[in-house]
Amino acid sequence: MQSVKQAESIILDSVQPLDQKLDTEVIELSAATGRILANPVKSELDFPHWDNSAMDGYAVRYCDVQSCSAQQPAVLEIIEEIPAGYQPQHTVEQGQAARIFTGACLPKGADTVIMQEQAQREQNRVLILEAPEPHAFVRRRASFYQAGMPLLEPGITLNAPEIAVLAAAQCTQLRVYRRPRVAIISTGNELVTPDQPLQPGQIVDSNQYALATFVAQMGGVPVPLGIVPDQPDVLREKITQAIATADVVLSTGGVSVGDYDYVEQILTSLGAQFQVRSVAVKPGKPLTMATLSSSSERCVLYFGLPGNPAATLVTCWRFVQPAILKLSGLARESWGPTFVQAQTCQELRSGGKRETYLWGQLKLNAGVYQFQLAGGGHNSGNLISLAQTTGLAVLPVGETVVPVGESVQVLQVGSPINS
Ligand code: AMP
Ligand code: MG
């Protein structure tokens, strides 16, 4: 049995990220939300594109106003009015100024902007009442970004700020990584779909839905392959199909040591290289991870996840999530996992033999993280208590209790709730 740390690094080492050339596609900027940039982006534009004003006021020559005051104002003749989007027509000469508005081009000759609150307008003259700093309120051309320099690096996720930068740089088409395809298989004779009436002993295959959502949230394409009964030949066929079509396969159930647990034996018969067979984690001990090569020589990652819904999600958050994020082309610093220190609102208990993950809510109270244990007990079969989970408190091997108010490490799995 491997430790959590060992399993984590073995799994990550097994992941080969999508290829920067072969596994990419060109998309429109309008469809780029959440995608991962595959190529470095540069712009031929400077930012700002020209010297411009940061204020509504007057564009002046610094030397004309450097020693003025309320008692001895500088008196300047206004030669032009320059709103945003207008190209100045005149040069500001000695003793002159131009009326200017935020974002408008600075006229030739001017090097400083006086905000209108520090000026007094008199018809076609303006009185400057206070000496400014040199270059005050001037945004210099290229002071934010110089044409030709790197603008955005590959491996970043495109969210609102990056999309704004790309739009401003007139980059309307871009190359991004394709989304990883993740096949999902639920194994178990007891499983039915949510629309089927339940017979005694049957339960709904909730894992299929949980995993499809999880995969989509990771930026992947879920490929739901449905429920497979605990029959080796049917399961073998389904797993073969999954390997042929996906980058990653997630199956749930059938990886324990029960009489109906066939996943490991089928993977062996398909020539899988086992990387992880069991992990000292609670819940999730039977976690299995193997690599297989598909017919096109691609390396496919196979995760055999435990069937218990809580164990399924805990192992996904802890082990599958960083693997999918690495695969997807994201830069190293974004693979996670993200841990924070939080104050526990309840006493936390563990058997101490395996690294234990307790689910609940990560909260922010006046800037301090708090962890609220989910109610209803920590049975990994208790699916209901999983709702609203945003954090998993981690009790290391050997630590059997964390008293109320003490600090505990929490794996963040959602946005913390303000309390
Ligand atoms: P297994 O790992 O196959 O022994 O399953 C462990 C437990 O998880 C059993 O109680 C199953 O009924 C339950 N389980 C297995 N697969 C699913 C699934 N897809 N959705 C919900 N519960 C499941
Ligand atoms: Mg089963």
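All ligand and atom numbering here is 1-based and tracks the order in the structure. Because only heavy atoms are used, hydrogens play no part in the values below, and waters and symmetry mates are left out as well, while side chains stay in. Counting begins at 1 with the first residue of the sequence.
Given atom 11 (C) of ligand 1, the protein heavy atom at minimum distance is Glu190 OE2, 3.0 Å. At the top of the distance list for atom 17 (C) of ligand 1, counting protein heavy atoms only, stands Asn207 ND2, 3.3 Å. The protein atom (non-hydrogen) at minimum distance from atom 4 (O) of ligand 1 is Ser256 OG, 4.1 Å. Atom 19 (N) of ligand 1 has as its closest protein heavy atom Asp205 OD1, 2.7 Å.
Distances below 4.0 Å separate heavy atoms of Ser186 from the following atoms of ligand 1: 19 (N). Atoms of ligand 1 found under 4.0 Å from any heavy atom of Val204 (numbered from 1 in listed order, with element): 20 (N), 21 (C). Taking every heavy atom of Gly253 and a limit of under 4.0 angstrom, the matching atoms of ligand 1 come to 1 (P), 2 (O), 3 (O).
For Arg178 and Asp247, the salt-bridge test passes: some basic side-chain N is under 4.0 Å from an acidic carboxylate O. A salt bridge between Arg35 and Glu162 is absent, with no side-chain N of the basic residue lying under 4.0 Å from a carboxylate O of the acidic one.
Inter-residue side-chain proximity for Ser328 and Met218 is flagged as unmet; no heavy-atom pair is nearer than 4.5 Å. Contact of the Val4 side chain with the Val394 side chain is not registered, since no non-hydrogen atoms from C-beta on lie closer than 4.5 Å. Side-chain atoms of Glu355 and Lys5, non-hydrogen and from C-beta on, never get closer than 4.5 Å to each other. Contact of the Leu325 side chain with the Ser334 side chain is not registered, since no non-hydrogen atoms from C-beta on lie closer than 4.5 Å.
The proximity of Pro309 to ligand 1, defined as any non-hydrogen pair under 4.0 Å, is limited to the side chain. If you look at Thr252 next to ligand 1, the close heavy atoms, those under 4.0 Å, all belong to the side chain. Under 4.0 Å from ligand 1, heavy atoms of Ser206 appear from its side chain as well as its backbone. Of all the heavy atoms of Ile203, the ones lying under 4.0 Å from any atom of ligand 1 belong exclusively to the side chain.
Nearest heavy atoms, Trp359 versus Asn382: CZ2-O, 4.5 Å. Contact record, Trp317 with Pro322: O-CD, 3.9 Å, taken as the closest heavy-atom pair.
The structure places CD of Gln273 at 10.5 Å from OG1 of Thr268, a figure rounded to the nearest 0.5 Å.
Among Asn308, Val257, Val192, the residue whose heavy atom lies nearest to atom 7 (C) of ligand 1 is Asn308. Distances from atom 3 (O) of ligand 1 to the heavy atoms of Gly307, Gly254, Gly201 show the closest one on Gly254.
Between Gln208 and ligand 1, no pair of N/O atoms sits closer than 3.5 Å. Considering backbone and side-chain atoms together, Leu191 places no N or O closer than 3.5 Å to any N or O of ligand 1.
Ser186 pairs in a side-chain hydrogen bond (donor to acceptor under 3.5 Å, both in side chains) with only one of the listed residues (Asp205, Thr193, Asn207), which is Asp205.
The closest approach between a heavy atom of Gly188 and any atom of ligand 1 is not below 4.0 Å.
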